[in-house]
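Here's the structure we're looking at; comments come further down.
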Amino acid sequence: MDPRLKEKVAIVTGAGSVGPGWGNGKATAVLFARHGARVLAADINLAAAEETRSIIEDEGGRCTAHEADVSRGGDVEAMVERCLAEYGRIDILHNNVGILEVGGCVEASEESWDRVNAVNLKSVFLTCKHVLPHMERQGGGAIVNISSVAGIRWLGVPYVSYSATKGAVNQLTRSIAMQYAKKNIRANAILPGFMETPMVVHSLSQTYSGGDVEKMVEIRNQLCPTGKMGDAWDVAHAALYLASDEARYVTGAELVVDGGLTCSIGA
Ligand code: NAP
């Protein structure tokens, strides 16, 4: 059987990981490569992208590590040009970059609000702005945006900028899906629930457990209907499906990957 992403070229943003272990973007970049894609692994931290590249190349795959801050238009343009120069096309745009800063409207600073909006939302606008013309010229493509169930539910911790930007990513995804439906370009969002990734340790352990990582993991596990958080591979497998031609009739969808969390906390 042919690899599921045979002959495809993918850009994965945030393809490194904020700390040791597997972040969603890193796992997705590696899984895409295992399924035949050539991958441009972009990250603000070049060393993190290089680590992903070396994992892929050690497994016999093709990958280019590229430094980019995807909240900046110039960086995004250069990222797209690099991908075209290396691989000649872009079939898959996987928008994984996202940051989380805790705080409600009163506690969060204006700077924090602007930063999270730029990194979580403006980045998706920018990558789509620069990639869509190439997908259109090629006759198709697939965009996968990493959102969060925080965009559709209250999860017990106030992080207004994160929730608002993820909600906006959902609607941005639907808009793109509709505008480009007749052009064979699909856009879908993945809404992960509580996942055990380096980002969570980095951004949330203070909030849940005063910095005690083991305790935070225990608390978050207990909040999940399955009794356990998901991990980066759960997100990566969902992305693999949406990026592949198996999902050719799936566009404008929100794929919730949360072990039933949203069922347990209602609308
Ligand atoms: P991660 O481990 O933090 O990886 C993201 C990578 O993106 C990091 O290497 C980070 O670099 C990089 N990055 C940050 N800002 C960037 C920018 N402006 N331009 C380019 N790269 C940038 O995070 P993850 O665990 O893979 O999570 C990724 C996505 O999953 C996010 O969109 C997040 O909201 C979503 N998500 C996660 C969970 C969860 O529970 N883990 C749940 C729902 C949704 P630095 O290390 O330098 O910051």
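In what follows, residues are counted from 1 in the order of the sequence shown. In listed order, ligands and their atoms are each counted from 1.
Scanning the protein heavy atoms around atom 34 (O) of ligand 1, the nearest turns out to be Y162 OH, 2.6 Å. In this structure, atom 3 (O) of ligand 1 lies nearest to the protein heavy atom V18 CB, 3.3 Å. Atom 35 (C) of ligand 1 has as its closest protein heavy atom I146 CG2, 3.5 Å. Protein heavy atom closest to atom 29 (C) of ligand 1, with residue, atom name and distance, is N96 O, 3.0 Å. For atom 9 (O) of ligand 1, the closest heavy atom belonging to the protein is D43 OD2, 2.8 Å. Counting only heavy atoms of the protein, atom 13 (N) of ligand 1 lies nearest to I44 CG2, 3.7 Å. Closest to atom 4 (O) of ligand 1, if we only count protein heavy atoms, is G16 O, 3.7 Å. Distance from atom 25 (O) of ligand 1 to its nearest protein heavy atom, with residue and atom name: T197 OG1, 3.0 Å.
The heavy atom nearest to atom 16 (C) of ligand 1, out of those in V200, V97, N45, is found in V97. Nearest-heavy-atom check against atom 44 (C) of ligand 1 across A118, G98, S147, P20 picks out S147. Looking at T52, V235, D69, N24 and measuring to atom 26 (O) of ligand 1, the nearest heavy atom belongs to N24.
Contact analysis puts G193 in contact with ligand 1, with a non-hydrogen atom separation below 4.0 angstrom.
Residue G25 has at least one heavy-atom neighbour below 4.0 Å for each of these atoms of ligand 1: 26 (O). Near A68, the atoms of ligand 1 lying under 4.0 angstrom from a non-hydrogen atom of the residue are 19 (N), 20 (C).
Of the heavy atoms in A150, none comes closer than 4.0 Å to ligand 1. Residue contacts with ligand 1 for R220 involve side-chain atoms from C-beta outward but no N, CA, C or O (heavy atoms, distance under 4.0 Å).
For the pair S148 and ligand 1, the shortest N or O to N or O distance does not fall below 3.5 Å. Annotation: F194 places no N or O atom under 3.5 Å from an N or O atom of ligand 1; distance criterion only. Between K166 and ligand 1, a contact under 3.5 Å exists for at least one N or O pair. Backbone and side-chain nitrogen or oxygen atoms of V70 are examined, and one is located within less than 3.5 angstrom of a nitrogen or oxygen of ligand 1. Looking at ligand 1, you'll find an N or O of M195 within less than 3.5 Å of one of its N or O atoms.
In summary, the side chains of S147 and N145 do not present any donor paired with an acceptor at a separation below 3.5 Å, with no hydrogens or angles considered. Defined by atom type and a distance below 3.5 Å, a donor-acceptor pair is missing between the side-chain atoms of Y159 and S203.
Side-chain atoms of R186 come within 3.5 Å of backbone N or O of V250 as a donor-acceptor pair. In this structure, N188 contributes its side chain and A253 its backbone to a donor-acceptor pair below 3.5 Å. The closest donor-acceptor contact from the side chain of N45 to the backbone of A48 lies under 3.5 Å. Put simply, the side chain of N120 never gets that close to the backbone of N117: no donor and acceptor are under 3.5 Å apart. No donor-acceptor pair closer than 3.5 Å links the side chain of K122 to the backbone N or O of G73. Listed for the S205 side chain is a donor-acceptor partner under 3.5 Å among the backbone atoms of V201. T52 places a side-chain N or O within donor-acceptor distance of the main-chain N or O of A15, the cut-off being under 3.5 Å.
With a 4.5 Å cut-off on side-chain heavy atoms, R4 and E246 count as touching. By the 4.5 Å heavy-atom criterion applied to side chains, L223 and I265 are not counted as neighbours.
Comment: K26 does not engage D43 in a salt bridge, judged by the lack of any side-chain N to carboxylate O separation of less than 4.0 angstrom.
Considering all non-hydrogen atoms of both residues, V9 and C83 come closest at CG1-SG, 3.6 Å.
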